[in-house]
Amino acid sequence: MAQGHSVDEYLETIYFLAFPIGEYHPQAGGLPLASRVAEMLGVSRASVGEMLKRLEADGLIERGARKEAVLTPTGLKRAERVVRKHRIIERLLTDFMGYTPAEAHVHADELGDTFSDDMVERIEIRLGNPERCPHGWPVDTAFEQAENRELKPLAELEAGTHAAIVRLAEHDGELLHWFYDEGFIPGGEVELRAVQRAAGQFTVRLNGADRAIGEKAAAGLFVRAA
């Protein structure tokens, strides 16, 4: 992605990283957060550092006991509103406008600032109050945070485990397209047939066929073990 991301995009990214299923575990100095945000948004570490200072000055993040960046109650409330809006807009784009789920994620980022909270409420009602975005993430962030405890990345499971795909990692557009192209969609059933962690390779049975996938893909499939 290009430079020039909005405050809301940063908050959405930090929100994703702030919970266990988001793969982020704070460490002293806050460096892991800055690195991950830079990686996910495609910006420099310097840009992230400046934005984190701005978010802290605005009372949206604070430094924790180990100097890591933590969303304040105000920041969390705003981030949850941004996330919810994003997921409803994705459903508008897929359900009414014919965009693919992968396309919807990109356009929802672009359109987020154009919809007021009232518009989003009206869209949600028109959509029939959808429970999840096209990629399986709950619209209700409180439910999402509770469900996080039930899910694991496929990469963390042991060989022989059967699992249902619940959510797809969204932050990498190319990977998201790949998931859909290859048939890894929410609601799908998979079996982890073999694990070669040292090589970052996993063999997965999907739709009756075995296929090799890399660690990046396995880490982006959030599943519920059967």
CD (Glu182) with more than 12 external heavy atoms under 6.0 Å: yes
More than 12 heavy atoms of other groups within 6.0 Å of Arg224 CZ: yes
Please answer whether the main-chain N or O of [Y] pairs with a side-chain N or O of [X] as donor and acceptor at a distance below 3.5 Å.
{"X": "Thr94", "Y": "Glu90", "result": "yes"}
{"X": "Gln145", "Y": "Ala142", "result": "no"}
{"X": "His171", "Y": "Met40", "result": "no"}
{"X": "Asp58", "Y": "Leu60", "result": "no"}
{"X": "His86", "Y": "Gly112", "result": "no"}
{"X": "Thr161", "Y": "Leu157", "result": "no"}
{"X": "His177", "Y": "Gly173", "result": "yes"}
{"X": "Thr72", "Y": "Gly59", "result": "yes"}

His162 versus Glu189, side-chain donor and acceptor atoms under 3.5 Å: no
Mutual orientation of the aromatic rings belonging to Phe222 and Trp137 [parallel < 30°, tilted 30-60°, perpendicular > 60°]: perpendicular
Atom pair CG/CD of Leu176 and Glu103 - distance to nearest 0.5 Å: 10.5 Å
